[in-house]
There are 2 protein chains.
Amino acid sequence: MKYRRIPDETIQRLPMYLRGFSLLEDEKEETVSSRRLAVRLGLNPHQIRKDLSYFGSFGRRGVGYPVRATAQRIRRILKLDKTQKAALIGAGRLGTALVAYPGFSSFNLEIAAIFDKDPQKIGKKIGHLRVESIERLSGLRKRKIQLAILAVPAEAAQSVTEKLVKAGVKGLLNFSPGHLKVPASVKKIDIDLASQLSILPYYL
Amino acid sequence: MKYRRIPDETIQRLPMYLRGFSLLEDEKEETVSSRRLAVRLGLNPHQIRKDLSYFGSFGRRGVGYPVRATAQRIRRILKLDKTQKAALIGAGRLGTALVAYPGFSSFNLEIAAIFDKDPQKIGKKIGHLRVESIERLSGLRKRKIQLAILAVPAEAAQSVTEKLVKAGVKGLLNFSPGHLKVPASVKKIDIDLASQLSILPYYL
DNA sequence: TTTTATTTGTGCTCACATTCACAAACACAA
DNA sequence: TTGTGTTTGTGAATGTGAGCACAAATAAAA
């Protein structure tokens, strides 16, 4: 296929595909067709094929996609073939829940540091990590942590973000409500829990 | 404007607009132009105007949007002018964090019941609510709870969902990974935390 | 009243994602 | 070797949302 810009939407679906392939890997399946995979994931086969084709030829016609190889290739694309470390900012309830969240490890994601402003929390253990002072964010570059999860109150979000950017963070998963300004070089994903829930009543 | 289908994307932005208007309400602002609001929210004025116009005429030319009235109108559209009750299923760490989450109340959203399967957790207090047995989900209809937040392990998600649908739930905020089958009459929003985080490394 | 500066509301255009349709590639049986 | 049934990969068609430009409406100054 001639070069075409890869849609963000495609990138966003890759983790879903990866989860599907990983599960099939565990089930010792050798190959899977786009049709079978589509049924499992609840979407349509055309989209799976088109999405994967952006990254080259993955499957064999008449056969399907080789499970193990394709899983590995998607991991490579998403840079999940090596463990990716993320810093968590905010050791409140949500932050604590995220540390214990079991879903990250299957994607080779690891929360490798926790920061908080509150002196009461600093030094405390959460999981197997100790909460560090927010003053130590500047050490992230040395520790090769380029991802951050922001779970602080809205008022603190912008100033913490600026510290993170200075510390070399390139990807941000933001749970704080409201608009966060980041340089174009930083990829930001917003998860606004209250907004998400408040959409539902509309459809009642 | 002649009738046009309202895009889902527009609905998804309404909570953002509502938060903007609510804040301006607190600041005792009388009116706001799409331009000023756009700066605050970090998006463009055309989109705000187009989105609002789907629901009729909101503002006055040369002046802007009346803050209080527009906020109230958006609340009405989203059915947030009355408190909306939601049930939380799954009293794990994530569920517990959600109960304490302060962001819901400003949208008139309330977690009004908590359910779990684990007998160890049933009867325990979380916030000011007691954890109930999952067997009691069928009582949701009588309690007029039509929204549910699903924070259970992936294995349990489908069966719980079916119980919820039977109990008359019409809107579902799903934190469980994987594909969940729901009837077309039920609106489902998925928040897959691991998938979201795993998108970030791609952009490094 | 007239002019100037704003600002909304909306038809239109453009860009882009999704879906379709089909040729090419493969497996396997006859 | 030929034929049949799959399945991928992709150009093309379709559908849809975002961005734009501008007329209409308003306020305030001249």
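Quick note on labels: first sequence line is chain A, next is B, and so on, each numbered from 1.
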Under 4.0 Å between a side-chain N or O of [X] and OP1 or OP2 of [N]?
X       : N      : answer
A:Asn44 : C:dT19 : yes
A:Tyr54 : C:dA17 : no
A:Arg36 : D:dT8  : no
B:Arg35 : C:dT8  : no
A:Ser57 : D:dG9  : yes
A:Arg13 : C:dA17 : no

When the distance from [atom1] of [X] to [atom2] of [N] is rounded to whole Å, what number comes out?
X       : N      : atom1 : atom2 : answer
A:Asp51 : D:dG9  : CG    : C1'   : 13 Å
B:Phe58 : C:dT8  : CZ    : C1'   : 13 Å
B:Glu9  : C:dT18 : CD    : P     : 10 Å
A:Gln47 : D:dG9  : CD    : P     : 16 Å
A:Tyr65 : D:dT6  : OH    : C1'   : 13 Å
B:Asp8  : D:dT16 : CG    : P     : 11 Å
B:Ile11 : D:dT16 : CD1   : P     : 16 Å
B:Ile48 : D:dG19 : CD1   : C1'   : 14 Å

**Q.** B:Val67 backbone acceptor or donor facing B:Glu29 side chain under 3.5 Å
**A.**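 Judged by distance alone, no pair lies under 3.5 Å.
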Q) If each of B:Gly56 and A:Ile6 is mapped to the nucleotide of DNA chain C with the nearest heavy atom, which maps nearer the 5' terminus, i.e. the 5' end? A)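 Looking at DNA chain C, the more 5' nearest nucleotide goes with B:Gly56.
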Q. Of the candidate nucleotides D:dA27, D:dT8, C:dA27, which contains the atom at the shortest distance from the side chain of A:Ser33?
A.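 Selected nucleotide (nearest to the side chain): D:dT8.
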Q: From the options D:dA27, D:dA21, D:dG17, select the nucleotide whose nearest atom is closest to the side chain of B:Arg5.
A: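 Output: D:dG17.
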Q: Grab the two heavy atoms, one from B:Glu110 and one from B:Thr83, that are nearest each other, plus how far apart they are.
A: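 Taking every non-hydrogen atom into account, OE1-CG2, 3.6 Å.
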Q.
Students often get this wrong, so: under 4.0 angstrom with heavy atoms, is B:Arg49 touching a base, only sugar-phosphate, or nothing?
A.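 Base contact - B:Arg49 has a heavy atom under 4.0 Å of at least one base atom.
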Q.
Using a heavy-atom cut-off of 4.0 Å across all strands, would you classify B:Ser34 as base, sugar-phosphate, or nothing?
A.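 Answer is sugar-phosphate: B:Ser34 comes under 4.0 Å of backbone atoms only.
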Q: Please check if atom CZ in A:Arg136 has more than 12 non-hydrogen atoms from other residues, nucleotides or ligands closer than 6.0 Å.
A: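 For A:Arg136, atom CZ is not crowded (no more than 12 foreign heavy atoms under 6.0 Å).
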**Q.** Minimum side-chain heavy-atom gap A:Pro201-B:Leu78 below 4.5 Å
**A.**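 Contact flag for A:Pro201/B:Leu78 side chains = no.
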Q.
Taking atom types as they are modelled, would you say the side chain of B:Lys50 forms a donor-acceptor pair with the base of C:dG9 within the 3.5 Å cutoff?
A.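 When only heavy-atom distances are counted, B:Lys50 does not reach the base of C:dG9 through any donor-acceptor pair under 3.5 Å.
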Q. Hey, is the side chain of B:Arg61 pairing donor to acceptor with the base of C:dT7 inside 3.5 Å?
A.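 Between C:dT7 and B:Arg61, which were checked side chain against base, a qualifying N/O pair under 3.5 Å is absent.
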Q.
Do the side chains of B:Arg36 and B:Glu27 get close enough for a salt bridge, i.e. N-O under 4.0 angstrom?
A.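 Result for this pair is no, no salt bridge flagged.
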**Q.** Presence of salt bridge, B:Glu25 and B:Arg75, under 4.0 angstrom
**A.**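 Answer for the salt bridge query: yes.
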